[in-house]
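We count residues from 1, following the sequence as given.
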Amino acid sequence: MEKRKFQSGASKRSAKRRNDLIACGLSLSQQKLNFVFQTIDSNQQSTSNINVQDTSPYKDYEDNSENQINADVQADGPYINEVDKSENQINTDVQADSLYIDEEDKSENQINTHVQADGSYIDEENKSENQINTEVQADGPYIDEENKSVPNTALSPEAIEEITLFVPPNINASASDKLCFLRYHPIQPSGDLHNLPFKTCRLYYRIMSNQTMVQRKWLSYSLHLNKIYCVTCLCYTDRTSPFTQGITPSTKHVYNQVELHEKSSTHGMALMSFLLQSKNQCTKSLLTKKHSEDVLQRRLVLRRIIDIIKFIGTQGLAFRGKHEAAFSLDNNNTNHGNFLALVLLLAKYDPVLDRHVNTSIEASKKRKETHHNTKGRGNLVTFLSKTTINKLINICGNQIQLAIASQVKEAWKFSLEVDSCQDVGVMDQVAICVRYVRNGIVHERLLCMTPIRNTAGRQYFELVKTILNNLGLDIRNIISSAFDGASNMSGRYNGLQAALKEVSPSMIYTHCYAHSLNLVMIGSCSSCLEARLFFGLLEKVAVFIGNSYKRTSKWIENLEQLVEGRETLRRLQKIGITRWWAKDKALETIFDVNRYVVLLKTLYSIAYSDQFESKVSFEAQSILQIFLKFDTILVAFVFKTLFKYTTPVSKYLQTVSLDYLTAHQLLKSLEKQLSNMAKDSISTFDNILKAALSFASSVNDILTKNEIELEIETILSHKRSRKVKRMFDETATDESVSAFENDKHKFRVSVYQVVIDTASRQISVRFGDSNTIMQDASYLDPKNFKRINEDPSVIPQGALQSLAKMSSVERDGSVDQLISFASIYHNISNNTEYQSNVFDSENDEEETLTCSIDQNCQKCIPCAIKLLKDFNLHSSAYSDLYIAYETLLTISFTQVSCERSFSKLKIIKTRLRSLIGQDLLESLILINSEADIISEWNYDDIIDKLASTSNEMKRLLF
């Protein structure tokens, strides 16, 4: 027969106290006590009328070091070793905003009659029928209600204060709410002051194996409720443990119950959750922090990858290799390409990149083992694949385009340069460049490189319009354009020029000065038979020696014997069609005394050697005989004299900072020099003849010294005069008299004067026009400021009218500012900051203008606008004048920037890279051409754009 259990007197008294508390809390007349059973908010506690000090062992417990916390955890019981500390096992089964109700075999309707939504945990097992069915408010204390009635008794303020501290937060409360509740615990009344039903030294402390005592900080005791609680489990478990409801201490079993509870896995997990939260390392915080650390790590890796892309792109190197899979990167015997090779090289010295590379290799190998029948990387992202790198390259190219467009918008007015070229893939590539002034400095930049199929003028216009619109540039802000002489570009009716003028009628079109000067030189170099044969000879000898390694070896061997230093690296220069300096370079390479001897010796060795075929020897002998003639040397010196004046001008026309007026002055100066050479043809030719004779004499001396059986002629070849056949009835004999006095006179007339006259005449025809803009620009020239300062009336009534209209400023205000600026220019330019690089010339007309923006010659327009900018005179006093200067410098008169971009195109798109995509090609050319903009890159912007390309990238980088 089962023994019947009777309640002791102590338990009855304890039950009576609990019922009194419930009755007071539920009484509507006890308004002061109603807050006891209400939820404690995280931002303000409902204990405004109770003074509770914010000091407790838990507060100190939170501030302990990590080692102390670990010691406390170990001291709290051996369950730590039994609990897996992974984040997955810390998770608890919590139902959001719901109440855990232990009511076995009760229907949903019965549960609703006893508990409100979001109410507190109530143990209703063995509830008697006489209990008062009341609706318990949310988050009330956890009270055992076994067969108890509710008397109407009042509580003391001390009791209310203590009970309030045992009201736990909601199960799904935030971490801050739970930590705020635990800050007031443990509550462990002293046995000296109170008559406690247990021994405090055994209940509050745990005796370790070494007889040391460790406080149980998770345990709190309520005097008024006579309950022992585990406050840690109250916050971090589902409250199924008896210690979350409070156990009544008994002398016989309480110590055993406490020991069993602190060894339980539920308590261990609760305590671990508390420790993690107390150090801001709760499960959610750990995941968030880990994700943030991973994102930062990936962004650091991408910064290094962007720098590698920048380096390879600026050098014009190829990226790809044969073996690019991540699992093959630890194999040093394969070619991974320049990009991956640089990544592996930097990984040796950079721990961030090294860790990423090793992780990528391991992940790729693991995937290859598990998915050996599939291709591709799957969901593995290493940031080293060709797809990611191509995305980054395109983003970098787009960033450069946007940066250039932003600068053009800031400058407002700009000029356009357009040209096309066929690449190695047989595609017609169009280069679109812009010229603008920013902060007083002229910039010419490549805007885009795009293919075109229809090369008609209207198609070019639609292409330019589309590209400018995509970048947010107004085509009506184009003030000038510079193209080559092709009809589809320069045509007045159907060309690109005509279409642009329909949109911007005031636009100035200029046939590229550099192209025009090159056409002048082409005309002079083919003006007579001797000139054509001479440059054909230079091309022939360069091809003859350069196309065979045996002949080239002979050239190098002889070169090392007769010259020293860097001259031993000289090679014969071929004459290219598109290289404007090729003829001058080919001439300079051969017609040096020592190198001319080397050439003759090389040809002689090939002609009289048994190592070469008879055909080769004969060809060498033929070329050698031509170079031994004095006529060849004299023709060479004629063109050396011509190139002495034209080459510096041609090179200067290819500079960026050159202004429209200076370019025109350079060409006028060149025209004048050639005209003087034509007028003083006798004296000039005599000087050329003397130089040629001196050269031939020096070469003969070296040949004799080196015992080479060759000798150069020192006189012109005499050609037999053609005799006119005389009929039988003719008696006159003056027809046989030659029109030339001698061979020298004949050469001067038929060669020298023809070459010089052709060059002078073509320069006059191609550059003779002087428009109103050029006339207005002459007044802005600092060389004319002295004259303006002495007599301001030298500026006529209509001066600066066209330039002011193009600049959108008032003409009268610009003239007044020009006169004022001319009066102070001399004093400002004599500042010590600007005197260091000033050079003087007695004859301004013959002065070679080679000033750059950093030399401060103070005699050119770029220096004048720089002075306005440096002294901050452009903001108010001379604002209109500064705008006029900017407009003048913005005018484009060459399109050499397009030619430079084509040189980059040939470096990047080679025969081995002929299948490169157009978007990638354009980005690589922009990176290679506009290297100065790359230094201003914002890495975060590039990484953010990469993240926006896919959801996976966004997850990895945000």
Side-chain angles (χ1 to χ4, degrees), residues 14 18 52-53 55-62 64 68-80 82-83 121 123 141-144 161-169 178-208 212-275 277-278:
S14 176
R18 289 196 299 272
V52 181
Q53 295 182 353
T55 58
S56 72
Y58 261 100
K59 181 176 179 62
D60 299 332
Y61 194 59
E62 295 171 12
N64 284 341
Q68 290 174 326
I69 291 174
N70 293 333
D72 293 340
V73 174
Q74 293 175 2
D76 283 337
Y79 61 85
I80 295 296
E82 301 172 3
V83 179
Y121 178 95
D123 185 8
Y142 299 90
I143 300 171
D144 187 9
E161 178 181 349
E162 185 200 50
I163 294 172
T164 304
L165 296 178
F166 283 88
V167 178
K178 294 178 180 179
L179 293 176
C180 182
F181 169 76
L182 293 175
R183 192 176 294 121
Y184 302 104
H185 292 269
I187 298 175
Q188 298 175 349
S190 174
D192 298 336
L193 302 177
H194 306 279
N195 185 16
L196 301 178
F198 52 81
K199 294 181 180 180
T200 58
C201 60
R202 289 189 63 186
L203 192 67
Y204 294 162
Y205 295 91
R206 180 183 178 186
I207 300 175
M208 306 298 291
T212 58
M213 300 178 66
V214 178
Q215 184 184 8
R216 291 185 172 102
K217 296 182 179 181
W218 54 268
L219 187 146
S220 290
Y221 173 69
S222 173
L223 281 172
H224 296 83
L225 298 177
N226 190 27
K227 292 283 188 179
I228 297 174
Y229 292 94
C230 177
V231 292
T232 308
C233 292
L234 275 174
C235 294
Y236 297 103
T237 66
D238 55 0
R239 297 172 184 172
T240 59
S241 172
F243 277 84
T244 60
Q245 307 168 26
I247 65 169
T248 303
S250 63
T251 308
K252 185 176 181 180
H253 302 294
V254 66
Y255 309 112
N256 226 6
Q257 290 176 326
V258 169
E259 289 182 3
L260 289 175
H261 176 73
E262 68 182 356
K263 293 179 181 180
S264 65
S265 60
T266 303
H267 177 74
M269 295 177 67
L271 191 58
M272 179 61 68
S273 298
F274 162 71
L275 294 176
Q277 279 195 351
S278 64

Heavy atoms, side chains only, cut-off 4.5 Å: are [X] and [Y] in contact?
| X | Y | result |
| --- | --- | --- |
| Pro168 | Arg239 | yes |
| Pro249 | Lys227 | no |
| Ser241 | His267 | no |
| Cys230 | Glu262 | no |
| Thr237 | Met269 | no |
| Ser220 | Gln188 | no |
| Ile228 | Leu203 | yes |
| Gln257 | Phe243 | yes |

Measure from the ring center of Tyr204 to the ring center of Phe198 and say whether it is less than 6.0 Å.
yes
Flag the pair Phe166 / Tyr229 as yes when their ring centroid distance falls below 6.0 Å, and as no otherwise.
yes
Identify, with sequence neighbours excluded, every residue that meets ring pair (Phe, Tyr, Trp, His ring centres under 6.0 Å) alongside Tyr205.
none
What is the distance from atom [atom1] of [X] to atom [atom2] of [Y], rounded to the nearest 0.5 Å?
| X | Y | atom1 | atom2 | answer |
| --- | --- | --- | --- | --- |
| Gln245 | Leu234 | CD | CG | 10.0 Å |
| Leu196 | Leu223 | CG | CG | 6.5 Å |
| Thr248 | His253 | OG1 | NE2 | 12.5 Å |
| Leu275 | Tyr236 | CG | OH | 9.0 Å |

Indicate the atoms forming the closest heavy-atom contact of [X] with [Y], along with that distance.
| X | Y | value |
| --- | --- | --- |
| Val258 | Arg216 | CG1-NE, 3.6 Å |
| His185 | Leu165 | NE2-O, 2.7 Å |
| Pro197 | Asn226 | CG-OD1, 4.0 Å |
| Phe274 | Leu182 | CD1-CD1, 3.3 Å |
| Cys201 | Met213 | O-CE, 3.7 Å |
| Tyr221 | Pro189 | O-CD, 3.7 Å |

Can Arg206 and Glu259 be counted as an ion pair, charged N to O under 4.0 angstrom?
no
Return yes if some donor-acceptor pair links the side-chain N/O of Lys178 with the main-chain N/O of Cys235 below 3.5 Å, else return no.
yes
